[in-house]
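Heads up, the thing below is written out as structure tokens.
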Amino acid sequence: MRAILTKRVPFLLLTLFVSSVLIFVATEILPVDVARNMLGQFAPQEAVDALNERLGMDKSPLERYLRWLGRVATGDFGESTSLRSPVGPLIIKHAINSGILAGAALLLIMPIALLLGIVAGLYPNKFADRVISLSSLTATSTPEFVVGVLLLLVFAVKLRVLPGSSALVVERTALETPSKLVLPVLTLAIVDIGYVARMMRASMIEVMRSAYVRAAKLRGVPFHRVVIKHALRSALLTPVTVVMLHINWLVGGIVVTETIFAYPGLGQLMLTAANARDVALLEAGALFFAIVAVLSQVGADILYIWLNPRARMNSA
Amino acid sequence: MAAHDYQILLERMLRSGLTRRSLLRRSAGVIGATALAGISGLAYPPSWVAAQTAPAGPPKRGGTLRYANTDPLKPLTDPATVDSLGASDCVRFVADFLTHVDEKNLPHPYLLESLDASPDLKTWTLVLRQGPTFNTPTPRPIDSDDVIFNFKRWLDPKLGTSMTGLLTPYLDETGIEKVDSRTVRLNLKAPTNTLPYDLYHYAGAIVPREFEGDFLKQPWGTGPFELVEYVAGEKFTVKARKNYWRQGADGQPLPYLDQVISIDVKSQSPAYVAGLVSDQFDVALGIDYSAYRTLKEQHPDIVLSKVRSAGTLLFRAHVDTKPFDDERVRLALKLCQDRKQIMELALADTAFEGTDDYVAPEVDPAWYPLDPPKQDLERARSLLAEAGHPNGFETEMQYPAAPEFIATASQVYAQQAKQIGVNIKLVPMPADAYWAKWTDWTFCAPYWSHRPLATMTLGLALRSGAAWNESHYADKKFDALLDEATGTVSVDDRRNVYSRLQPYLREHGPFAEPLFNYALAGQTKRVQNFKPTAFRYGIFTDTWIE
């Protein structure tokens, strides 16, 4: 574990540094008058110029980058120009919302997808496998906006059993009204379950054909013990690692799902920031995603080593 | 009350079927200022709202109304500097306006008891109503010093309010005169008939003179609600005030509702359509065409309204940049429009034909009845040839990618322009990026929101040197016609001016105008007595829920 962290922490810092440069350069390209954005189109030019000066927008890009980096290092991400409030709390608040949605989605996706993948992998080309494979493929290849709108039509519009909008009206988080999470979670689950199930199936088939599983069978070990004791742990390696890397997508990349259901998560916040060319918010959001990406990568590595004794030996 | 104004009011009221007695009752109780009725006129039957239900029964008190705001809830600091409908809605709940413009585009005094103009429209007398009080830490009645405080703020260019652009053409600070504690006189430097409407502009909420500039810290006004919270980009909540100055039908102070919550739905139609249908929202304002069509075809239980508005799409050019500096080129670009095709593909029956003159038929009461211009490709080609472009030319046109109908209309228009040899390279832009530099684009597709009188838009957009003169148009003859129209109180006289102004703009103006659109809204049946307007404001003072 220590070895992983020793290896990964410098990598994490390097990734964050490179990301910060890229993010800064990308946002520099945007033709934005930050002060004009903040003060509005009717503000007198003198006020705009004064604010630009106060914000240091009259300095060179390098100077501004270093100032920005210095502020970020002390935890000050600046102020959002489109929402006129400190960026740090905004990111945290929306990240919590996205985290709740992602967590709920993962809780649904993992057991179902793994179970389906195991069944399909244990009985390849049999009826159950064909049904699971076909429905997985169909679900995976259907875009989120189609799945989301279909679910809305059925459950919110026709049957009227679930809320059609997941906007937080009086709630602080969606946990106060869990029914608002159902449709977005289902949308994510339908799209993702097929993907993970197919991966689990392939992994299971491969493991079941491996020499040590065959040996166990020949030794007369009961089938269920072969599966649970010998095959499952190895078969989980690939899907679990991939799912860990999915966390980044679930936390920040579910713009479509959040938008369809008006759910106030990070994806929607970033979309708003991009539309409003809110540089400070975009920079902080992108940096946050970079951190989540690197941390989930580290998490995936740790999990991989825990599941795989050979890797554990190598890393020791 | 000037005699001729009274005559105008009398004539119009009688024409609309009212008796002299009801006229007197109305002029005393509602209109207050005859000038307002004279300006607005009642020339059209009140068929502005295509679908609206009468209240199901007597008003009920209590409950929370939740409405989807399709306009962003931008950060809110000073009511005078708001530049979005969403944020202005929040202010409107808490702070009243001097006037009110109703769903038929008629102005009424609101915080004012009366608003009278001199015959030459250069002296306006504002008399405050007795009763409204500010919800300041120590509540106190509004007085003329508060009104003067607000006028001075609006005229201060350093504040950065859109009110400055509306008022400065005819008012400066020296023209504001305090007559007594309830009366303010405005001595204008130029006559205007738009004052009652300008005072209802979304940045014109009246704050007390103790106000220091941050509305979230000092949410003070005389309005029917009090601010609970405002979260930019997400929502705001207001709760009923206990001692509002207006009374409901049950003799108790308005509003009927306990609470109103507005949710920023980021213009996403799936969210508000599903939200309306599944009872997450009670009202959705400013809905788009696709949502309107879906709700109309599939959800008869949602009450839809379609209000004719002067909101308009333009294809406009800088008149000081080649090749658009040649009037013949601009006219050719108007004549190539097939309006019906553009409307059909962009907005179908939620739009009506544009006029190339900014005057929305049957919205501005003084509209002079001219048929919309027809497509004339032959004349367009010959105009281009005369201007030295026998084979047409190539140009770029920027347009905002949202709302969607602008993109569709721009694409159809580009195809139509090809027929006269003008090859328009379309440059779609994110809406915010487009609007950040909207006056800079040489040739582009701006949208102008609803203003009840065409003179209001024309004064902002086309008068020589005006703040929002995005086409750089400067035409003395047009300016003179506009001055004449703006300084005319009688609708018939103004129509007379429009009979010269409209054809002039159609020939010489710097823009093609394919369409006007309707303001669309949806509400559930439990919402009673809500009257959507072309302004798309969320006003629920007289609304209740079943």
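Within every chain, numbering begins at 1; the chains are lettered A, B, ... in the order of the sequence lines, protein sequences first and strands thereafter. Note that the structure is a prediction, hence the values are computed from the model and not measured.
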To the nearest 0.5 Å, how far apart are [atom1] in [X] and [atom2] in [Y]?
X: R84(A); Y: L76(B); atom1: CZ; atom2: CG; value: 9.0 Å
X: I261(B); Y: L168(A); atom1: CD1; atom2: CG; value: 11.5 Å
X: S165(A); Y: L276(B); atom1: OG; atom2: CG; value: 10.0 Å

Closest approach of H299(B) to V157(A) (non-hydrogen atoms, all atoms of both residues):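 The answer is CE1-CG1, 2.8 Å.
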
Contacting moiety of D78(B), where chain A heavy atoms sit under 4.5 Å: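 Contact with chain A is absent: no heavy atom of D78(B) under 4.5 Å.
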
Heavy-atom contact with chain A under 4.5 Å, split by part of T77(B): side chain

Evaluate whether atom [atom1] of [X] has more than 12 neighbouring non-hydrogen atoms of other residues, nucleotides or ligands under 6.0 angstrom away.
X: Y289(B); atom1: OH; answer: yes
X: Q259(B); atom1: CD; answer: yes
X: K59(A); atom1: NZ; answer: yes

Expected output: side-chain S278(B) to main-chain G164(A) donor-acceptor under 3.5 Å: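 Between the backbone of G164(A) and the side chain of S278(B) there is a qualifying donor-acceptor contact (under 3.5 Å).
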
Residues that L137(A) engages under side-chain contact (heavy atoms from CB on, under 4.5 Å), provided they are two or more places apart: R198(A)

Counterpart residues, side-chain contact (heavy atoms from CB on, under 4.5 Å), relative to P169(B) (two or more places apart): none

Partner chain B: residue of [options] with the largest heavy-atom pair count (under 4.5 Å):
options: A156(A), P264(A), S166(A); answer: A156(A)
options: P163(A), S85(A), A262(A), A167(A); answer: P163(A)
options: V149(A), L152(A), L162(A); answer: L152(A)

Validation row: L83(A), E234(B) side chains within 4.5 angstrom (heavy atoms):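 Counting from C-beta outward, L83(A) and E234(B) never come under 4.5 Å.
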
